[in-house]
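Comments concern the structure below.
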Amino acid sequence: NRFARAAAVSGTRARSQAEIDQGLRAFMLGVYNNMVLGLAITGLVALGTYMLSTTTAPDGSLALTALGAAVYTSPLRWVLMLSPLAFIFFFSFKIESLQPRTALIMFFAFAALMGISMSSIFLVFTGQSIVQVFFITAAAFGSLSLYGYTTTRSLSGMGTFLFMGLIGLILAMIVNIFLGSSALGFAVSVIGVLIFAGLTAWDTQRLKEMYLFNNFDTATATKASVMGALSLYLNFINMFQFLLALLGDRE
């Protein structure tokens, strides 16, 4: 009887661990699925906006349509550039009160807004270099996220350092808007790649530990999955933009 009870307890613990592992895999898969859908929406909207905003002039050169003039040359461009940042703040403050489905819809709407904002890269860089840098980013992101998920080393100490670096990076970018220094721009791009590479690994481990150390119900887990997708999506987008500035061929 004693051995039977011990075996039963051991089996219960094994099942509990198996359930935890299965739940973690489902949670992280949901995060990555939402992130990939967000990236797909951003890419399609960016390409669609570019195609609707440009046309071929009689002399064969590229010209802007009325939509292109509004998106790229009018004051509306500042609204499109700054609105994603406002959206992130609003989304972060409201996530607790949102229904899971509403949170997911808002994330996809944000991804579409980012697509409009990022469509100008097709005016600056060649299509081939955009595709090449995207796949370079995807490979780097996948490797870093896998490291963050599998490593037994705690990356929590990186968080404060990375966020301090991110604040410094933003300040440097603002300063360079007025200076227009190519050297500072190059340094910002290199540092930006390193910061968001670190954040990718750190965020992945943070999401894994958040699930393991919290007893989420279905609704909370869904909203946490959306917020996790947003974090990884932003890491990917920013890494892609900084790598494009370093490696992209300009038109």
Side-chain angles (χ1 to χ4, degrees), residues 35-57 60-65 67-69 71-73 76-78 80-85 88 110-145 162 165-166 168-201 203 231-251:
M35 186 202 77
V36 170
L37 285 173
L39 290 173
I41 290 171
T42 298
L44 291 173
V45 171
L47 181 60
T49 302
Y50 166 74
M51 293 176 68
L52 291 173
S53 299
T54 57
T55 186
T56 303
S61 62
L62 192 68
L64 295 179
T65 63
L67 175 63
V71 170
Y72 301 132
T73 63
L76 178 63
R77 66 191 174 113
W78 294 106
L80 294 173
M81 287 174 60
L82 297 175
S83 54
L85 182 60
I88 291 172
F110 167 76
L113 185 62
M114 281 293 293
I116 298 174
S117 178
M118 290 182 62
S119 62
S120 60
I121 65 173
F122 291 99
L123 295 174
V124 180
F125 300 96
T126 64
Q128 181 180 358
S129 67
I130 291 174
V131 172
Q132 288 175 342
V133 172
F134 176 84
F135 282 109
I136 291 172
T137 306
F141 178 91
S143 300
L144 291 161
S145 190
L162 290 171
L166 182 58
L169 181 70
I170 293 172
L171 292 175
M173 291 172 66
I174 294 173
V175 169
N176 204 38
I177 291 176
F178 301 99
L179 295 181
S181 169
S182 58
L184 180 57
F186 178 81
V188 163
S189 296
V190 172
I191 295 171
V193 170
L194 296 176
I195 287 176
F196 285 102
L199 283 173
T200 297
D203 272 325
S231 298
L232 294 181
Y233 167 92
L234 290 172
N235 292 339
F236 188 103
I237 288 293
N238 282 287
M239 197 189 309
F240 168 73
Q241 289 181 312
F242 285 123
L243 280 172
L244 190 61
L246 290 172
L247 305 176
D249 295 326
R250 296 180 180 271
E251 292 280 10

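Keep in mind that what you see is a predicted model, and the values were worked out from it rather than measured. Computation of the quantities below employed the complete heavy-atom set of this structure, encompassing side-chain atoms and omitting hydrogens, waters and symmetry-equivalent molecules.
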Look up atom [atom1] in [X] and atom [atom2] in [Y], then write down how far apart they are to the nearest 0.5 Å.
X	Y	atom1	atom2	answer
Leu247	Ile130	CG	CD1	13.0 Å
Asn176	Leu184	CG	CG	4.0 Å
Leu234	Met239	CG	CE	11.5 Å
Leu169	Leu162	CG	CG	11.5 Å
Phe236	Thr137	CZ	OG1	5.5 Å
Asn235	Asp203	CG	CG	5.0 Å

What are the two closest non-hydrogen atoms of [X] and [Y], and how far apart are they?
X	Y	value
Leu244	Ser129	CD1-O, 4.1 Å
Met114	Ile237	CE-CG2, 3.7 Å
Val188	Met173	CG1-CG, 3.5 Å

Is any side-chain heavy atom of [X] less than 4.5 Å from a side-chain heavy atom of [Y]?
X	Y	value
Ile121	Tyr50	no
Leu243	Phe240	no
Leu123	Thr54	yes
Phe141	Leu232	yes
Ile195	Asn238	no

Exercise for the section: Mark yes or no for whether Thr65, through its side chain, and Ser53, through its backbone, hold a donor-acceptor pair below 3.5 Å. Expected result: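 Side chain of Thr65 to backbone of Ser53, a donor-acceptor pair under 3.5 Å: yes, one is there.
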Exercise for the section: Verify, without hydrogens or angle tests, whether Ser145 (side chain) and Gly142 (backbone) share a donor-acceptor contact under 3.5 angstrom. Expected result: no
Problem - Under the ring pair (Phe, Tyr, Trp, His ring centres under 6.0 Å) test, residues paired with Tyr72 that sit two or more places apart - result: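 Not a single residue meets the ring pair (Phe, Tyr, Trp, His ring centres under 6.0 Å) criterion with Tyr72.
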Exercise for the section: Carefully, step by step, assess Phe242 and Ile191 under the rule side-chain contact (heavy atoms from CB on, under 4.5 Å). Expected result: CA-CA 9 Å; Phe242 285 123; Ile191 295 171; over 6 Å; no
Name every donor-acceptor pair, under 3.5 Å, that has one atom in a side chain of residues 35-45 and the other anywhere in the protein, sequence neighbours excluded.
residue	atom	partner	partner atom	Å
Thr42	OG1	Gly38	O	3.0
Thr42	OG1	Ala111	O	2.8
Thr42	OG1	Tyr233	OH	2.5

